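All chains are named by letter (A, B, ...) in the order of the sequence lines, taking the proteins before the strands, and each is independently numbered beginning at 1. Predicted model only: the values in this text are computed from it and were never measured.
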2 protein chains.
Amino acid sequence: MKDTVKPDGRGPKGSPAAPAVKRSRIQTRNRKLILDAALEVFSTHGFRGATLDQIATEAGLSKPNILYYFDGKEAIHVTLLNKLMETWLDPLEQLNPQGDPLDEILAYVRRKLDMAQAYPRESRLFANEILQGAPRMAPHLEARLKPLVDAKATLIADWAEAGRIAPVDPRHLIFSIWATTQHYADFEAQVNVLMPEGGVFPGAAGYLETMYRRMLTV
Amino acid sequence: MKDTVKPDGRGPKGSPAAPAVKRSRIQTRNRKLILDAALEVFSTHGFRGATLDQIATEAGLSKPNILYYFDGKEAIHVTLLNKLMETWLDPLEQLNPQGDPLDEILAYVRRKLDMAQAYPRESRLFANEILQGAPRMAPHLEARLKPLVDAKATLIADWAEAGRIAPVDPRHLIFSIWATTQHYADFEAQVNVLMPEGGVFPGAAGYLETMYRRMLTV
DNA sequence: TCGTCAATTTACCATTTGGTAAAAAACAAA
DNA sequence: TTTGTTTTTTACCAAATGGTAAATTGACGA
């Protein structure tokens, strides 16, 4: 019997992430089902706390069928993390050196808050990974996030230097933007206890705009 | 044979948290060892990701010996969470209605940041629990945290009303303080990648004081 | 120093979990 | 419809995991 060929075109235990082969309709659909289910499960239980059975049930597929599409639990997690990284970097990448400094930063805050609202599961997946010491993401952080943050920190420092925003440590500014926006996704369970009235995001948007405006206005 | 009596004075599967019986030196020492080991393990892997074997190894005890001191994995986790809640509430409780509003809030920020630095594992234990939907802490949040936050939010609203600090939504202010301070503990793995130079906390303290001063100064 | 209770170890067990092999079913090109 | 391929199911397995029973060792007051 010849080796089973997995739908992503890799042989058994193959590794390249890039889809070397065009996927069938069924493959496309089921991979999406699995990744969506896995996002749900990993983001609420963390990697070790999630089980393939949970993912299978959530996806409406059998466990062996899931392992037909992915090489294992870890491969699913890694796939999610890889996809996530680009999405996560995007709002910061959009910070425009040519724009008005205050507007740019406030727009960045806005984008991050919108993402926390639109993609809370992704935010929690990321939070879980970092909380646990970034075991599978550390290389990514080093290779992709760090250079981007370095570049944008320099940009913000230049803006401050030129007196176009108030003096500020760019890195701590970025940390505080991440922390305050992602908080509404990551700590949703707590926020919901303390602000029961529906729709916390409009208030959050107003608060954060005010805070960073007061922080950065010269 | 008579029922084995556990060292906390409860019979098998007993429940009261209060130590009904004074503990021996050995009990005190070993319970501490276990709780410390469990804090380490739970805070990095989450509840489901942690194993009794890990905790046992970390504590330097055997697994059955651990189950001699605690009714099970869940009981250890609950014990940690209960202890944690009081520690966690304390800095906010200290917010003094008689003090100068700006000073009081800045001191609160300072206390929270100091806690993130001194007790990062506790911060991550808490973050893990909330991330996963607060399954074992929701009652606590409702019963202890919510009343406190309500009270302090009213206090801050009064300060703003009286023009002693700039107008602000008190609850979002509190959220942002939690988010920005705990970020340095919870996302330590990421922070360390982006700010390799040792000692991020002095810079964080300076940044946060500046931010909340600018935010709240009338 | 002896006896008793506390503490610990040894030897297990049932379930859960990630994963596999191989057969069966569904599908698609001819 | 036939044939080769893709997809799914069935039936497993080995390791890990939470937990227990009972025997063994240790501490310590009378």
Completion exercise
A/Asp71 CG to C/dG18 C1', in whole Å, measures 13 Å
Problem - Charged N-O contact under 4.0 Å between B/Asp53 and B/Lys63 - result: yes
Exercise for the section: Kindly say if A/Asn30 contacts the phosphate of D/dT6, meaning a side-chain N or O under 4.0 Å from OP1 or OP2. Expected result: no
Practice task
Write down the distance between CZ (B/Arg31) and P (C/dA7), rounded to a whole number of angstrom.
Solution key: 12 Å
Practice task
Can you figure out which of D/dT20, D/dG18, D/dT6 approaches the side chain of B/Lys73 most closely?
Solution key: D/dG18
Fill in the blank from the handout: Separation of D/dT20 atom C1' from B/Leu52 atom CG, nearest Å, is 13 Å
Completion exercise
Judged by nearest nucleotide, the residue sitting upstream toward the 5' end of DNA chain D, B/Gly49 or A/Pro64, is A/Pro64
Problem - B/Leu194 versus A/Arg171, closest heavy-atom pair with distance - result: O-CD, 3.6 Å
Handout entry: Exercise: do B/Ser176 and B/Tyr212 side chains pair donor with acceptor under 3.5 Å
Key = yes
Exercise for the section: Determine whether more than 12 heavy atoms belonging to other residues, nucleotides or ligands lie under 6.0 Å from atom CZ of B/Arg121. Expected result: yes
Handout entry: Contact under 4.0 Å: B/Gln27 side-chain N or O vs C/dA6 OP1/OP2
Key = no
Fill in the blank from the handout: On DNA chain C, more 5' by nearest nucleotide between B/Asn65 and A/Phe47 is B/Asn65
Practice task
Find the distance A/Ile55:CD1 to C/dG18:P and express it as a whole number of Å.
Solution key: 8 Å
Identify the pairs formed between an N or O of the protein and an N or O of nucleotides 27-30 of chain D at a distance under 3.5 Å, and give each distance.
residue : atom : partner : partner atom : Å
D/dC28  : OP1  : B/Arg25 : NH1          : 3.3

Practice task
Find the distance B/Ile34:CD1 to C/dA7:C1' and express it as a whole number of Å.
Solution key: 11 Å
Handout entry: Short side-chain N/O contact from A/Ser62 to OP1 or OP2 of D/dT8, under 4.0 Å
Key = no
Exercise for the section: Indicate, with a heavy-atom threshold strictly under 4.0 Å, whether B/Ala56 touches base, sugar-phosphate, or nothing. Expected result: nothing
Exercise for the section: Quickly work out the A/Arg29 CZ to D/dT7 C1' distance and round it to whole Å. Expected result: 10 Å
Practice task
May I ask you to evaluate whether B/Tyr68 reaches the phosphate of D/dG19, defined as a side-chain N or O under 4.0 Å from OP1 or OP2?
Solution key: no
Practice task
Is it possible for you to check whether A/Lys83 lies under 6.0 Å from the centre of the six-membered ring of A/Trp88, through NZ or CZ, and within 45° of that ring's axis?
Solution key: no
Exercise for the section: Could you point out which residue of B/Leu208, B/Val200, B/Thr210 forms a side chain to side chain contact (heavy atoms under 4.5 Å, CB included) with A/His172? Expected result: B/Val200
Handout entry: Ionic contact status for B/Glu74 with B/Arg136, cut-off 4.0 Å
Key = yes
Handout entry: Spacing between A/Tyr69 atom OH and D/dT6 atom P, to the nearest angstrom
Key = 12 Å
Practice task
Establish whether the base of C/dG18 is bridged to the side chain of A/Lys63 by a donor-acceptor pair shorter than 3.5 Å.
Solution key: yes
Exercise for the section: Could you check how far CG of B/Leu33 sits from P of C/dA7, rounded to whole Å? Expected result: 14 Å
Exercise for the section: Just compare C/dG18, C/dA11, D/dG18 and give me whichever is closest to any side-chain atom of B/Thr51. Expected result: D/dG18
Practice task
Select base, sugar-phosphate, or nothing to describe what A/Arg48 touches, counting heavy atoms under 4.0 Å on all strands.
Solution key: sugar-phosphate
Practice task
Report the C-alpha separation of B/Gln132 and A/Asn128 in whole Å, then their side-chain angles, then the decisive distance to 0.1 Å, and conclude whether the side-chain contact (heavy atoms from CB on, under 4.5 Å) test is met.
Solution key: CA-CA 9 Å; B/Gln132 300 177 11; A/Asn128 258 307; 4.2 Å; yes
